[in-house]
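Just below is one structure, and these are the notes that go with it.
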Amino acid sequence: MAQLFTWSNITQSFLVPRPSITEKNLPDQIGKVHIITGGYAGVGKELTDILYQHNATVYVAGRNRDKATTAIDAIRANYPTSQGRLEFLSIDLSDLTTIAPAVQQFTAKEKRLDVLVNNAGVMMPFGGSQGKQGHELHMVTNCLGPFLFTKGLIPILKQTAACCPPASVRVIWASSLITNLLSPTSGVDIGEDGAPVMASFRLTNYAQSKAANNLYAAEFSRRYGDHGILSVAFNPGNLNSELKRHLNFWGLLVAKLITYSPRYGAYTELYSGWSQGIKIEDGGIFVVPWGRNGNDFLREDIRKVLDESKTDENSAVRRFWDWSDREVAPFA
């Protein structure tokens, strides 16, 4: 309980400054291409709405074509003069066989990718839930699926970054406040076999999968920052979104009391993906609501392992990346 009421957690949840970048001051996005996983519901839909009204091309990625079509039609109707474009991209992050086809579909149509928003995720599904290939559902949907998707898009990200200002091409990863509250030491518990250890408590597995995205952001930055690609992780905030659909009655009641509109989560993502205040040397930072550098708000042991990973080949960050690499290799 003491861990809950730390200053770093309180300031991410309640004492939140006004967002610095919103739909009111986002620069024109005409000619720029973005992908938002889960871009047709909750925070993702709000971000799609903001970008499209500023003339962006947005690929709305997910597994539910009907929901995506409904959301896309509604957003188009709201902004009939937009010069942007909305496209559905079929992908199921819990089924690794769908990832490469999604990458191929996208790269067959586009020659650039400015921002990849790894927004989609799952929280607290029924106990024992697994992805198509048998992975624990949090680990595949929140980690391995986005990891494989991102890896497949690295060539087009590099190609775009080569002709754009440093840090304008970005990959952003969805973390969470729960990283501080319930993730294991160092964020991810890596066993002797090199694989993350799954807990019996579903919330711990969720927390671990979210902390893992901080590790991905840091290692991606180390590997690809020299190409001008910025990578950060973000806590979107405590939001009233579809992510809480698996909570029980009491969980839903608590969530109702402490959550904000998904629009505010979109502002956190806007800062992460589009703020000119983040520089290439900031790669791997943790962005907190509604758009601030929140590295000082990360739990100390996670900050330590992220820092060590810059020079330590055996750090948990690099070992988790290497495990992810091996795990997804058959589906690349």
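What you are looking at is a predicted structure, and each value in this text was computed from that prediction instead of being measured.
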Are side-chain heavy atoms of Gln208 and Met139 found at a separation under 4.5 Å? yes

Please name the pair of heavy atoms, one in Ala316 and one in Ser186, separated by the smallest distance, quoted to 0.1 Å. CB-CB, 4.5 Å

Is a side-chain donor or acceptor of Thr268 paired with a backbone partner of Pro236 at a separation under 3.5 angstrom? yes

Look at the side chain of Asn205 and the backbone N and O of Ala199, then say whether any donor-acceptor pair between them is shorter than 3.5 Å. yes

Carboxylate-amine/guanidinium contact Arg85 Glu87, below 4.0 Å: yes

Where do Arg63 and Asp95 land on the salt bridge (Lys or Arg N to Asp or Glu O under 4.0 Å) test, with the steps shown first? CA-CA 10 Å; Arg63 62 184 181 179; Asp95 181 356; over 6 Å; no

Could you check Tyr264, Tyr271, Tyr267 and say which one makes a ring-ring contact (aromatic ring centres under 6.0 Å, His included) with Trp290? Tyr264

Could you check Glu110, His34, Lys109 and say which one makes a side-chain hydrogen bond (donor to acceptor under 3.5 Å, both in side chains) with Tyr59? Glu110

For Ser275 and Ser272, indicate whether the former's side chain and the latter's backbone hold a donor-acceptor pair under 3.5 Å. no

Salt bridge flag under 4.0 Å for residues Asp189 and Arg319: no

Under a 4.5 Å cut-off applied to non-hydrogen side-chain atoms, are Val317 and Leu306 in contact? yes

Counting only N and O atoms by type, is there a donor-acceptor contact under 3.5 Å from the side chain of Asn295 to the main-chain atoms of Ile285? no

As an exercise, state the distance from OG1 of Thr185 to CD1 of Ile190, rounded to the nearest 0.5 Å. 12.0 Å

Is the side chain of Asp312 donor-acceptor paired with the backbone N or O of Ser309 at a distance under 3.5 Å, no angle test? no

Please examine the side chains of Asp193 and Trp323, heavy atoms only from C-beta on, and report whether any two atoms are closer than 4.5 Å. no

Is the shortest heavy-atom distance from the side chain of His138 to the side chain of Ser129 under 4.5 Å? no

Under the 3.5 angstrom rule, does the side chain of Arg299 hit a backbone N or O of Ser183 as a donor-acceptor pair? yes

Run the ring-centre check on Phe286 versus Phe297 and record whether the distance is less than 6.0 Å. no

What's the spacing between Ile278 CD1 and Asn293 CG if we round to 0.5 Å? 8.0 Å

Least distance between heavy atoms, Ile280 atom then Leu230 atom: CD1-N, 3.8 Å

Could you go through Asn214 and Ser175, starting from their C-alpha distance and side-chain angles, then the distance that decides it, and tell me whether this counts as side-chain hydrogen bond (donor to acceptor under 3.5 Å, both in side chains)? CA-CA 6 Å; Asn214 290 82; Ser175 182; 2.5 Å; yes

Sub-3.5 Å donor-acceptor pair from the side chain of Ser82 to the main-chain atoms of Tyr52, do we have one? yes

For residues Gln29 and Trp274, is any side-chain donor paired with an opposing acceptor at under 3.5 Å? yes

Could you tell me whether Arg303 and Asp301 make a salt bridge, using a distance below 4.0 angstrom between a side-chain N and a carboxylate O? no

Looking only at heavy atoms, what is the nearest atom pair of Lys111 and Gln159, with distance? O-NE2, 2.7 Å

Would you say the side chain of Glu327 lies within less than 4.5 Å of the side chain of Phe147, judging by non-hydrogen atoms? no

With rounding to the nearest 0.5 angstrom, report the CG to NZ distance, Asp49 to Lys45. 8.0 Å

All heavy atoms of Thr204 vs all of Leu182, minimum pair found to be CG2-O, 3.8 Å

Tell me if a side-chain donor or acceptor on Thr150 pairs with a main-chain N or O of Pro146 at a distance below 3.5 Å. yes

Decide side-chain hydrogen bond (donor to acceptor under 3.5 Å, both in side chains) for Ser324 and Tyr216; before the verdict, give the C-alpha distance in whole Å, the side-chain angles of both, and the deciding distance to 0.1 Å. CA-CA 10 Å; Ser324 301; Tyr216 280 154; 2.7 Å; yes

More than 12 heavy atoms from other groups under 6.0 Å of CG on Asp73: yes

State, without any angle test, whether His135 and Gln133 hold a side-chain donor-acceptor pair at a distance under 3.5 Å. no

Indicate if Phe201 and Leu181 have the same hydrophobic cluster label, given that clusters are the connected sets of ILVMFWY residues with side-chain heavy-atom separations under 4.5 angstrom. yes

Measure the shortest side-chain to side-chain distance between Val171 and Phe149 over non-hydrogen atoms and say whether it is less than 4.5 angstrom. no

Shortest non-hydrogen contact between Asn142 and Lys210, atoms and distance: ND2-CE, 4.1 Å

Is any NZ, NE, NH1 or NH2 atom of the basic residue among Arg170 and Asp114 found under 4.0 Å from an Asp or Glu carboxylate oxygen of the other? no

Is it the case that one hydrophobic cluster holds both Ile30 and Val58, taking links as side-chain heavy atoms less than 4.5 Å apart, direct or via other members? no

Hey, mind stepping through Lys304 and Glu300 against salt bridge (Lys or Arg N to Asp or Glu O under 4.0 Å) and telling me if it holds? CA-CA 6 Å; Lys304 180 180 178 182; Glu300 184 177 357; over 6 Å; no

Working to the nearest 0.5 Å, report the span between NZ of Lys151 and CG of Leu157. 13.0 Å

Would you indicate whether the side-chain heavy atoms of Glu23 and Leu270 approach each other to under 4.5 Å? no

Does Val103 offer a backbone N or O that forms a donor-acceptor pair with the side chain of Thr107 under 3.5 Å? yes

For Gln12 and Asn235: C-alpha separation, side-chain torsions, deciding distance, then whether side-chain hydrogen bond (donor to acceptor under 3.5 Å, both in side chains) applies. CA-CA 8 Å; Gln12 290 184 66; Asn235 164 25; 2.8 Å; yes

Smallest heavy-atom separation, Gly237 atom then Pro289 atom, equals CA-CG, 3.5 Å

Do side-chain atoms of Ser94 reach the backbone of Gly131 as a donor and acceptor pair under 3.5 angstrom? no

Heavy-atom check, side chain of Ser231 versus side chain of Tyr224, under 4.5 Å: no

Working note: Tyr206 + Val122, criterion side chain to side chain contact (heavy atoms under 4.5 Å, CB included); need CA distance, chi angles, decisive distance, verdict. CA-CA 8 Å; Tyr206 174 64; Val122 65; over 6 Å; no

